[in-house]
Amino acid sequence: MARIERIELKMVDLRPKVERTDAIQSFVSQETPLVTITDSDGAVGMGYSYTIGTGGSSVMRLLADHLVPRLLGRDADRIEAIWHELEFATHATTIGAITSIALAAIDTALWDLRARRQNLPLWKLAGGAKDRCPLYTTEGGWLHIPVEALVEDALEAQARGFSGSKVKIGKPHGSEDFARLAAVRKAVGDDYEIMTDANQGFSVDEAIRRAERLRDLDLGWIEEPLPADDIDGHVRLNRATATPVAIGESLYSIRHFREYMQKGACSIVQVDAGRIGGITPWLKVAHAAEAFDMPVCPHFLMELHVSLACAVQNGKYVEYIPQLDDITATKMVVENGMALAPTAPGLGIDWDWDAIRSRSIQEFERDFRKGA
């Protein structure tokens, strides 16, 4: 039985290569907590999570002060027990983003460690449903981007074999959103998916109004149309529109997802391993979604989610937003518009340790060792 001997904490700040704006914010920084776990046999696993520019220091303090010290000496294979113990240890702050982001970095490291010890890629260890998954791109669909550039990016993605493009919505008037999306639809034709994302920017009545206006464009979905905690509002919207309603980016508990699915408040599940608390709860949500005949289209983190989307039968899409390029030696493999599941053991992310060390924020570096 291999026990946890050492845990290293780092955080790097990754700046997006393109400007990213949506209906409520600009995404200018990805604070990326990194957790490296070494067991008594010398096996190593690394996990990570993220913020979009705020809260990173709080995540690191929660890890260092309350979570990581509980792990030393534990059996690294008891991932389920560890996850529940850590969640209970933070029950006063659960359920919330800071706690879930911290749990995610630890849980992902433990899964990476387990997969490496068993010499299996994560997607096989977690289910092995398929070895590739269709891609859609978001990187060229931000709210500030002019119509001509939206069209150009969608056509380029279509030519590469991508299945769709996501365009942000939430302009001051619905006619602006319609004009942008109509131009993309005219350019790509009817066989290419167009997804939309409102980033929680609408009221219920406005979301219903805009969804009706956009109905004839045959959209793949409308994502986060309302504040994430407004479940009843999502029920009203989902009943009022034929356009699928996608949720999950801003949910932090498997019970939140259960309530959305039970009440008919969504039709597409976008569970994010970096926000739900890691791979352990991600798989629970994905399997629950399958029971409701709902596809899983995970939000962001394509380098991790390609493995998870391939692990489960109902993993439908991976979202293309390259964000780890500056701290990885190789990129996620894309072939004919499909994201290929990694073949290397573990997460299959080829970390560039020199780049990580050069970008690590020294203030948050910590090294915990058993007996020290």
Ring centres of Y48 and W351 under 6.0 Å apart? yes
Could you tell me whether K124 and D131 have a side-chain N and a carboxylate O separated by less than 4.0 Å? no
Looking at M294, is its backbone amide N or carbonyl O close enough to the side chain of N314 to form a donor-acceptor pair, meaning the two atoms are under 3.5 Å apart? yes
Would you say the rings of Y136 and W221 are close, in the sense that their centroids are separated by under 6.0 Å? yes
Checking R255 against Y260: charged group under 6.0 Å from the ring centre and within 45 degrees of the axis? no
Looking at W282 and V271, would you say the former's side chain and the latter's main chain have a donor-acceptor pair under 3.5 Å? yes
ILVMFWY network linking L308 to M332, side-chain heavy atoms under 4.5 angstrom: yes
Return yes if some donor-acceptor pair links the side-chain N/O of T241 with the main-chain N/O of L237 below 3.5 Å, else return no. no
Take I276 and F257 through the side chain to side chain contact (heavy atoms under 4.5 Å, CB included) test and state the conclusion after the steps. CA-CA 10 Å; I276 191 67; F257 282 96; 3.6 Å; yes
Indicate yes or no for a side-chain donor-acceptor contact from K130 to the backbone of V312 under 3.5 Å, with no hydrogens or angles considered. yes
Salt-bridge present (K166, E193; N to O < 4.0 Å): no
Taking 4.0 angstrom as the limit, do E80 and K284 come out as a salt bridge? yes
Hey, which of V306, T330, I349, L122 is the one that makes side chain to side chain contact (heavy atoms under 4.5 Å, CB included) with P342? V306
Between R213 and D177, is the closest basic N to carboxylate O distance under 4.0 Å? no
Between G278 and D107 the two heavy atoms that sit nearest each other are C-OD2, 3.4 Å
Pair E176 + R180: basic N to acidic O under 4.0 Å: no
Say whether V269 and M195 are linked into one hydrophobic cluster, either directly or through other cluster members, by side-chain heavy-atom distances under 4.5 angstrom. no
Is the closest basic N to carboxylate O distance between R359 and D13 below 4.0 Å? no
Output for pair (E249 CD, C297 SG), nearest 0.5 Å, gives 13.0 Å
Before accepting this row, confirm whether a basic side-chain N of the pair D367/R369 lies closer than 4.0 Å to the acidic partner's carboxylate O. yes
N-O pairing of D75 and R3 below 4.0 Å: no
Between E8 and R6, is the closest basic N to carboxylate O distance under 4.0 Å? yes
For this output row, return yes or no: ring centroids of F300 and Y50 closer than 6.0 angstrom. yes
Going by an N to O cut-off under 4.0 Å, is there a salt bridge joining D354 and R357? yes
Any donor and acceptor pair, going by atom type alone, linking the side chain of E223 with main-chain N or O of D197 inside 3.5 Å? no
So, does T93 use its side chain to make a donor-acceptor pair with the main chain of T90 at under 3.5 Å? yes
Hey, is D112 close enough to R116 for a salt bridge, meaning N to O under 4.0 Å? yes
Strictly distance-based, threshold 3.5 Å: is any side-chain N or O of H305 a donor or acceptor partner for the main-chain N or O of A273? yes
Okay, side chain of R132, backbone of L340: is any donor-acceptor separation there less than 3.5 Å? no
